[in-house]
There are 2 protein chains.
Amino acid sequence: MDVAFVLYPKMTALDLVGPYEVLGHQPEVTSHFVAESLEPVVTDAGLTMLPTTTFAELDRADLIVVPGSGRWEDALADGVVAAWLREVHPTATWTTSVCTGSTLLAQAGILAGRPATTHWAVRDELAARGAVVSTDRVVVDGSVVTAAGVSAGIDLALTLVGRIWGDERGRFTQLFIEYDPQPPYRVEVPDEPPADLVTFARSVFGQ
Amino acid sequence: MDVAFVLYPKMTALDLVGPYEVLGHQPEVTSHFVAESLEPVVTDAGLTMLPTTTFAELDRADLIVVPGSGRWEDALADGVVAAWLREVHPTATWTTSVCTGSTLLAQAGILAGRPATTHWAVRDELAARGAVVSTDRVVVDGSVVTAAGVSAGIDLALTLVGRIWGDERGRFTQLFIEYDPQPPYRVEVPDEPPADLVTFARSVFGQ
């Protein structure tokens, strides 16, 4: 199973590395780290990753993981990720996004009229791009699977492991990465986040 | 605040990127990705990261994050991480590890007689190296903070954000990364994992 992990400048590293850690150790998986060129990609807070292939080279994948970014509007303006998704999505059994990666799926026409989730601070922006926005942490709609913000990529990937290789594998993988979370705070994501919080989050986010 | 994220071959990427995502966006933080040389570091399942500095160059840090590895015994045999920790730990306000990164702290003499946690599959190995092993997800013992396996680095880093910058910042950071987990399975890490599970996990782990 060829898994394409999409890299682009200023992407949120954890959006990618959550699913990578869950999927990359499965013995059936061959991982590809695909970007516009083979140059190093600087992620959101400075951590730099190396692609192994390019959008021009990789023309199919069984599973695609598209991370989000605080600079998602730059990624939309750039357009290269969405152009690649338009070409490769039809070859994939699963096309997935984490966080604002959903806006790239929408730009590629993959979410038109479909249920999808995203980071809580960009729900309106995803709806404006044609998706039927859900507040769920993970949304599975046929072959398209979307996750809420950042850490939700772990939940998405574990859900996929269960669907692809069965619940026993999913349960072992969850135990393996000790995903028995004990967040220090009781923070529930509000269904209707206050507008000032959204504005503040987007200002921090976009830096 | 200078944060040193330690990179070494075959390290578990999520052990590092969980804390990175939580700490790296704090406006007071300058992140350093430190390794033996500036050559690319290939992590556990192929994702490759670029260091920004070397163990020889970076001789102090306010906060140190040491990730684990399925090949932790190779990292101990190599010895370079522990040698650097011995030198730099006295300069740090916080020295932290995720997963089997605890064994490197132990090798550097930082955990002698101290409470510490680690991945459930290597508790005995950490105890054999002098730590008082806990089954807690995060253990704070003065300036030394250890986390259980892989995903527990997120909990560790959020705990640190609260201690360093206060609970309001901690709560916002947790909301920002949407750490409101909904793991698909009910998997609790057993206090006494069965020996065959430990053996199996270590065999998968070390690949």
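Computed from a predicted structure; not experimentally measured. Throughout, a chain's letter reflects where its sequence line sits, starting with A, and its residues are numbered from 1.
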Using a distance-only test with no angle check, is there a side-chain donor-acceptor pair under 3.5 angstrom linking [X] and [Y]?
| X | Y | value |
| --- | --- | --- |
| B/H89 | B/T95 | yes |
| B/H119 | B/T100 | no |
| A/T173 | A/Q26 | yes |

Under a 4.5 Å heavy-atom cutoff, which of [options] has the most pairs with chain B?
| options | answer |
| --- | --- |
| A/S151, A/P190, A/G162 | A/S151 |
| A/T159, A/V189, A/V29, A/V41 | A/V189 |
| A/P181, A/P193, A/G18 | A/P181 |
| A/A152, A/P184, A/P51, A/A148 | A/P184 |
| A/G170, A/P27, A/S31 | A/G170 |

Given heavy-atom pairs under 4.5 angstrom as the criterion, report whether the side chain, backbone, both or neither of [X] touches chain B.
| X | result |
| --- | --- |
| A/I154 | side chain |
| A/E21 | side chain |
| A/T43 | both |

A/K10 with A/D44: basic N within carboxylate O range, under 4.0 Å
no
Leading residue by heavy atom contact count with chain A [cutoff under 4.5 Å; candidates [options]]:
| options | answer |
| --- | --- |
| B/R171, B/R137, B/M49 | B/R137 |
| B/P40, B/G149, B/G24, B/G46 | B/G149 |
| B/L50, B/L175, B/L158, B/T48 | B/L175 |

What about the rings of A/Y185 and B/Y179, do their centers lie closer together than 6.0 Å?
no
More than 12 heavy atoms from other groups under 6.0 Å of CZ on B/R163:
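It does not: B/R163 CZ has 12 such atoms or fewer within range.
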Hey, is CD on B/E28 packed in by over 12 heavy atoms from elsewhere, all under 6.0 Å?
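Yes - once you tally the heavy atoms of other residues, nucleotides and ligands closer than 6.0 Å, there are more than 12.
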So, B/D180 side chain and A/E188 main chain: donor-acceptor pair closer than 3.5 Å or not?
no
